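Notes follow the structure.
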2 protein chains.
Amino acid sequence: MDSVEKFPVQRVTRESRNDIEDIVTKELPLTIILDNIELTTLLCSPTDLKYLAVGFLVSEGLLKGKDDIRKIVVDERRGVVRVEAVEGKEFAPGVFKRLITSGCGRGVSFYSAADVQGQTKIKSETTISSTAVFTLVREFQHRSQVYRTTGGVHSAALCDTGSILLFNEDIGRHNAIDKIFGECLLKGISVDDRIIITSGRVSSEILLKVAKRNIPILISKSAPTDLGVRLAHDLGVTLIGFVRGGRMNVYAGGWRVMTNGK
Amino acid sequence: MDSVEKFPVQRVTRESRNDIEDIVTKELPLTIILDNIELTTLLCSPTDLKYLAVGFLVSEGLLKGKDDIRKIVVDERRGVVRVEAVEGKEFAPGVFKRLITSGCGRGVSFYSAADVQGQTKIKSETTISSTAVFTLVREFQHRSQVYRTTGGVHSAALCDTGSILLFNEDIGRHNAIDKIFGECLLKGISVDDRIIITSGRVSSEILLKVAKRNIPILISKSAPTDLGVRLAHDLGVTLIGFVRGGRMNVYAGGWRVMTNGK
């Protein structure tokens with residue numbers, strides 16, 4: 001399914017009104033079902049639904065690796081992805097309940113005390129030069145095509161210090177990152193010592209989602225929240241924001257960012 | 001509680017690194033409890049929590065008017081708002097279950113078939129000149145102060161065709177609008193024939209949230225999704241997007257927008 005669609009639109013100024021066609025980003029309600037249990041319905045861009053569903057399950061701690069999955073069936077038309085885990089795969093008691101009661105985006109399943117306590121500090125000794133950050137973000141901007149045409153989506157990328165490895169887009173900040181993680185799991189791409197770039201704000205949920213994958217460096221075009229910054233310190237994530245016009249703000253873990261000077 | 005906080009930040013360029021202080025927007029997990037039932041936990045900016053909680057309950061159809069409320073207790077430090085409905089107030093069976101299973105932001109409670117079918121088309125004959133739209137949006141921009149300092153929040157406003165009546169901000173698009181609706185309910189401010197301006201994308205959820213309050217005109221600085229546009233047509237909402245540089249896109253209900261020309 002395409003992620004955008006043409007619509008008839010009136011272009012209006014003070015004096016004039018013209019009928020034009022404009023490109024509008026599409027929005028699909030996607031229901032994710034794991035072993036016949038309906039977990040959530042996400043509002044998403046209708047692309048890479050398999051990656052999104054798997055990435056969501058990874059982020060929620062319900063899938064660890066490709067071997068956990070027996071079957072994935074995507075029904076694009078009805079907006080449903082059914083994932084079947086391998087036989088004998090047991091989910092921790094309470095995990096579904098937690099998900100269903102407060103796990104959906106607006107909730108704080110990602111930031112429950114249990115989640116954070118179970119999360120060990122990231123020890124990766126990866127570093128990156130500020131010049132490399134600027135180069136990656138310029139390339140990231142270049143690839144954010146849907147945003148440029150419709151102004152309506154977020155982008156996310158997985159990088160090493162030299163280049164962008166995976167790139168995806170979605171109307172949801174969380175979804176764009178989950179699509180990346182889903183693709184990594186299904187294709188066996190390692191995220192160790194890698195970098196995530198996001199176009200969106202870094203809230204506590206985004207920070208924890210990335211820290212859970214043991215990713216040491218998170219770069220945002222936008223701003224973090226105070227909880228995002230606090231979690232970055234607590235979990236050992238290097239958090240870079242506001243990368244614009246040859247400068248950036250480093251909110252936590254500045255030792256991983258090298259400059260030509262000091 | 002302030003909505004922003006100063007943090008030590010490293011400002012990094014290719015060659016230099018300077019310790020500065022930067023303003024970061026705050027994020028609070030807010031749990032909303034209605035008659036001892038924990039409904040949801042929103043991630044929000046820690047201001048006007050009473051408005052937010054009441055607005056959320058209004059948007060979810062759980063409160064109709066101020067007379068429905070017996071008591072509101074805000075515990076800012078713990079991030080909890082407890083609302084007690086008047087005795088004898090009965091909630092429709094299943095409404096809590098729906099809320100709890102899929103009602104939180106990422107879900108589609110707002111866009112269930114039942115919701116849309118129960119929604120009548122908006123009949124308001126309010127019109128607005130394109131010049132008035134530009135004036136309102138300019139004033140809206142002017143008031144988006146937190147965004148200008150931290151780049152991290154969304155704004156929403158309630159207007160008539162001449163001026164902004166209420167204005168609020170939140171890290172969540174939905175929350176900013178719910179704060180407006182909560183203030184309206186608690187202060188007895190009518191929303192009939194009024195206009196909502198939002199800084200954020202108009203997804204199906206935002207469109208339906210506004211249509212449920214019978215508001216005929218929705219203006220966004222940003223883009224709508226295809227479902228947002230379809231719902232605007234179905235529900236009789238005038239949907240204006242991309243108001244920038246002396247022009248706007250009218251996606252639905254163009255008859256309510258007047259120009260000096262045709």
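These figures come from a predicted structure and were not determined experimentally. Each chain gets a letter, A, B and so on, in the order its sequence line appears, and its residues count up from 1.
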Q) Judged by modelled atom types alone, do T41(B) and T31(B) share a side-chain donor-acceptor pair under 3.5 Å? A)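 The answer is yes; a qualifying pair exists.
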Q) Just wondering, more than 12 heavy atoms not from R82(A) lying within 6.0 Å of its CZ? A)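 Check fails, neighbour count at 12 or below.
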Q.
Strictly by salt bridge (Lys or Arg N to Asp or Glu O under 4.0 Å), give each pair with a member in residues 216-226 of chain A just once, sequence neighbours left out.
A.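 Pairs touching residues 216-226 of chain A that pass the test: D226(A)-R230(A).
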(Q) At a 4.5 Å cut-off on heavy atoms, which part of V229(B) comes close to chain A: side chain, backbone, both, or neither? (A)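 The side chain, not the backbone.
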Q. So what's closer than 4.5 Å to chain A heavy atoms on E5(B): side chain, backbone, both or neither?
A.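 Just its side chain gets close to chain A.
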Who among [options] has the most heavy-atom pairs with chain B under 4.5 Å?
options: V9(A), T13(A), V12(A); result: V12(A)
options: S203(A), G241(A), G245(A); result: S203(A)
options: R247(A), K26(A), E27(A); result: E27(A)

**Q.** Test item: L42(B) and L52(B) side chains (from C-beta on) under 4.5 Å apart, heavy atoms
**A.**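 A side-chain contact exists here, since the closest heavy-atom pair is under 4.5 Å.
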Q. Of all residues at least two apart in sequence or in a different chain, which pass the salt bridge (charged side-chain N to carboxylate O under 4.0 Å, His left out) check with D75(A)?
A.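 Salt bridge (charged side-chain N to carboxylate O under 4.0 Å, His left out) check on D75(A) returns R78(A).
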